[in-house]
Chemist: 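I'd like to ask some things about the structure below.
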Amino acid sequence: MRLGLALGYWGRGPSAAHLDLAREAERLGYDSVWTAEAWGSDAFTALTWIAAHTSRIRLGTAVAQMAARTPTATAMHALTLDHLSGGRMMLGLGLSGPQVVEGWYGRPFPRSPLTATREYVDVIRQVLRREGPVTLDGRFHAHPYAGDDGTGLGKALKPITHPLRADLPVLLGAEGPKNIAQTLTIADGWLPLYWSPDRWAEVYALPGTLPEGFTIAPMVRAQLCEDVTAGLLPVKGMLGFYIGGMGHAARNFHADLMGRMGYGKEAARIQELFAAGRREEAVLAVPDAFADEISLVGPRERIAGRLDAWRRGPVTDLLVTSPDPATLRVLADLNS
């Protein structure tokens with residue numbers, strides 16, 4: 001099981017610690033570093049900055065939002081950074097949800113998310129292979145564009161720049177059962193948001209045999225500390241925001257996943273409190289048991305014991321979210 005560093009997206013502004021953490025992760029032998037985006041900083045610019053200040057560690061987006069760019073624009077970002085970094089790029093994509101797609105990006109959330117995702121990946125693969133002009137008779141990502149509001153003058157094109165790798169890895173952030181099943185057939189890897197090392201089989205219903213070389217890279221909040229309850233607070237803060245604030249009460253993929261993991265009533269309560277502006281209460285309403293199940297928090301001995309459970313499953317890459325260099329060092333030592 002390889003280790004990665006998940007830096008996420010910026011909050012109010014850039015974190016002065018992110019570059020130092022990425023360099024420390026590279027020094028410790030971490031395999032990869034990942035950036036994200038929501039409705040603030042973008043994933044590719046920060047990753048390019050890290051690429052310029054590192055030499056070996058692989059670079060991934062976890063995730064870049066599909067609604068933010070056309071698939072050809074995303075492919076251009078990926079192939080450009082792959083060249084600049086000497087072949088270190090991994091492209092992690094996510095569809096996001098209706099609240100973000102329509103509220104932030106100002107475009108309709110696709111009525112058939114599976115089709116939209118499949119078409120998006122298809123176009124990116126065509127760009128990276130560069131075997132000919134990009135063409136797709138698609139519902140959401142037709143190339144050339146053939147809508148009634150177009151000029152009809154669109155021409156199928158292939159990229160001017162030759163991609164460094166036709167097989168640049170494409171990974172998908174998927175939460176629903178159908179989306180996960182499709183991910184296994186069209187992507188090189190999967191980026192689960194919440195992963196229970198003890199209950200992954202019942203929660204995700206993965207097939208007995210996975211595609212050869214398929215990457216499964218869940219994120220895990222890690223914190224080396226003596227007080228487990230206090231150490232879980234940042235995990236609960238993240239969960240409270242994602243379940244309460246990252247989606248509408250009627251359609252929230254994160255809350256749905258929490259429900260499938262056995263915490264449906266708690267998820268509904270978190271959403272209710274968050275919607276009422278009672279955010280601190282929403283965070284405290286996240287069950288400690290759920291936060292602990294999907295994280296690595298506590299003294300070194302406790303983390304070591306729990307890390308074994310992550311290794312026993314199909315996880316290939318553990319993407320660690322931690323602002324603490326000491327925690328990164330302990331995980332590197334335990335995983336060596």
Chemist: Rounded to the nearest 0.5 Å, what separates atom CE in Met90 from atom CG in Leu47?
Modeler: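 Spacing of CE (Met90) from CG (Leu47) equals 8.5 Å.
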Chemist: Could you tell me which non-hydrogen atom of Pro71 sits nearest to which non-hydrogen atom of His143, and how far apart they are?
Modeler: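 Minimum heavy-atom contact is CG-CE1, 4.3 Å.
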Chemist: Could you walk me through whether Gln65 and Tyr105 pass the side chain to side chain donor-acceptor pair (under 3.5 Å) test, one step at a time?
Modeler: CA-CA 10 Å; Gln65 295 182 328; Tyr105 293 112; 2.5 Å; yes
Chemist: Is there a chain of hydrophobic side chains (I, L, V, M, F, W, Y, each step under 4.5 Å between heavy atoms) that links Val134 to Leu136?
Modeler: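 Linked within one cluster.
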Chemist: Verify, without hydrogens or angle tests, whether Ser322 (side chain) and Asp324 (backbone) share a donor-acceptor contact under 3.5 angstrom.
Modeler: yes
Chemist: First locate atom CD of Gln182, then atom OG1 of Thr117, and finally report the distance between them rounded to the nearest 0.5 Å.
Modeler: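 Reported to 0.5 Å precision, the distance equals 6.0 Å.
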Chemist: Please check if Val320 and Met1 belong to a single hydrophobic cluster, counting links between Ile, Leu, Val, Met, Phe, Trp and Tyr side chain heavy atoms closer than 4.5 Å.
Modeler: yes
Chemist: Indicate yes or no for a side-chain donor-acceptor contact from His83 to the backbone of Leu79 under 3.5 Å, with no hydrogens or angles considered.
Modeler: no
Chemist: For Val63, is there any backbone N or O sitting under 3.5 Å from a side-chain donor or acceptor partner on Thr61?
Modeler: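 A pair under 3.5 Å: no.
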Chemist: Let me see the working for Glu293 and Arg199 under salt bridge (Lys or Arg N to Asp or Glu O under 4.0 Å), right down to the final yes or no.
Modeler: CA-CA 9 Å; Glu293 183 177 354; Arg199 298 194 297 131; 2.7 Å; yes
Chemist: Look at the rings of Trp195 and Trp200 and say which category their plane angle falls in: under 30° parallel, 30 to 60° tilted, over 60° perpendicular.
Modeler: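 Geometry flag for Trp200 against Trp195: parallel rings.
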Chemist: Apply salt bridge (Lys or Arg N to Asp or Glu O under 4.0 Å) to residues Glu175 and Arg260 and explain how you reach the verdict.
Modeler: CA-CA 10 Å; Glu175 295 179 52; Arg260 290 198 299 276; 5.8 Å; no
Chemist: Write down the atom of Val220, the atom of Ser295, and the distance for their closest heavy-atom approach.
Modeler: CG2-CA, 3.5 Å
Chemist: Less than 4.0 angstrom from a charged side-chain N to a carboxylate O is my criterion; do Asp20 and Arg27 meet it?
Modeler: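 Salt bridge: no.
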Chemist: Return the OG1 to CE distance between Thr321 and Met219, rounded to the nearest 0.5 Å.
Modeler: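 One finds 6.0 Å between OG1 of Thr321 and CE of Met219.
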Chemist: Among side-chain atoms of Gln126 and Asp122, is any donor-acceptor pair under 3.5 angstrom?
Modeler: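 Asp122 and Gln126 do have a side-chain donor-acceptor pair below 3.5 Å.
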Chemist: Could you tell me the separation between the CG atom of Leu319 and the OG atom of Ser32, rounded to the nearest 0.5 Å?
Modeler: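 OG of Ser32 is found 5.5 Å from CG of Leu319.
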Chemist: Before accepting this row, confirm whether a basic side-chain N of the pair Glu266/Arg269 lies closer than 4.0 Å to the acidic partner's carboxylate O.
Modeler: no
Chemist: Quick one: closest heavy-atom pair of Arg107 and Ala67, and the distance?
Modeler: NH1-O, 3.1 Å
Chemist: Anything under 30° is parallel, anything over 60° is perpendicular, the rest tilted; go ahead and classify Phe290 against Tyr263.
Modeler: tilted
Chemist: For atom CG of Asp308, is the number of surrounding heavy atoms from other residues, nucleotides or ligands below 6.0 Å larger than 12?
Modeler: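 Yes, the 6.0 Å shell around CG holds more than 12 heavy atoms from other groups.
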Chemist: Is Glu37 salt-bridged to Arg69, cutoff N-O under 4.0 Å?
Modeler: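 Arg69 and Glu37: salt-bridged.
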Chemist: Using a strict 4.0 Å threshold on nitrogen-to-oxygen distance, state whether Asp82 and Arg165 make a salt bridge.
Modeler: yes
Chemist: Charged N to carboxylate O under 4.0 angstrom, Arg125 versus Asp188?
Modeler: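 Result for this pair is yes, salt bridge flagged.
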Chemist: Among side-chain atoms of Tyr120 and Thr70, is any donor-acceptor pair under 3.5 angstrom?
Modeler: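 Judged by distance alone, the side chains do not pair up.
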Chemist: Taking NZ, NE, NH1 and NH2 as the nitrogens, is one of them in Asp288 or Lys236 under 4.0 Å from a carboxylate oxygen of the other?
Modeler: yes
Chemist: For the ring pair Trp190 and Tyr204, is the centre-to-centre distance below 6.0 Å?
Modeler: yes
Chemist: Does the side chain of Arg130 come under 3.5 Å of the side chain of Thr161 through a donor N or O and an acceptor N or O?
Modeler: no
Chemist: Could you grab the distance from atom CG of Leu7 to atom CD1 of Ile50, nearest 0.5 Å is fine?
Modeler: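 Leu7 atom CG to Ile50 atom CD1 measures 5.0 Å (nearest 0.5 Å).
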Chemist: Does Arg58 form a side chain to side chain donor-acceptor pair (under 3.5 Å) with Ser85? I'd like the steps, not just the answer.
Modeler: CA-CA 9 Å; Arg58 293 197 296 163; Ser85 66; over 6 Å; no
Chemist: For a quick check under 3.5 Å, do Asn335 and Arg311 share a side-chain donor-acceptor pair by atom type?
Modeler: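 Yes - a donor-acceptor pair under 3.5 Å links their side chains.
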Chemist: Answer yes if Ile124 and Phe140 sit in the same cluster of Ile, Leu, Val, Met, Phe, Trp and Tyr residues linked by side chain heavy atoms under 4.5 Å apart, and no otherwise.
Modeler: no
Chemist: Looking at CE of Met238 and CG of Leu232, how far apart are the two atoms once the value is rounded to the nearest 0.5 Å?
Modeler: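 Reported value, rounded in 0.5 Å steps: 10.5 Å.
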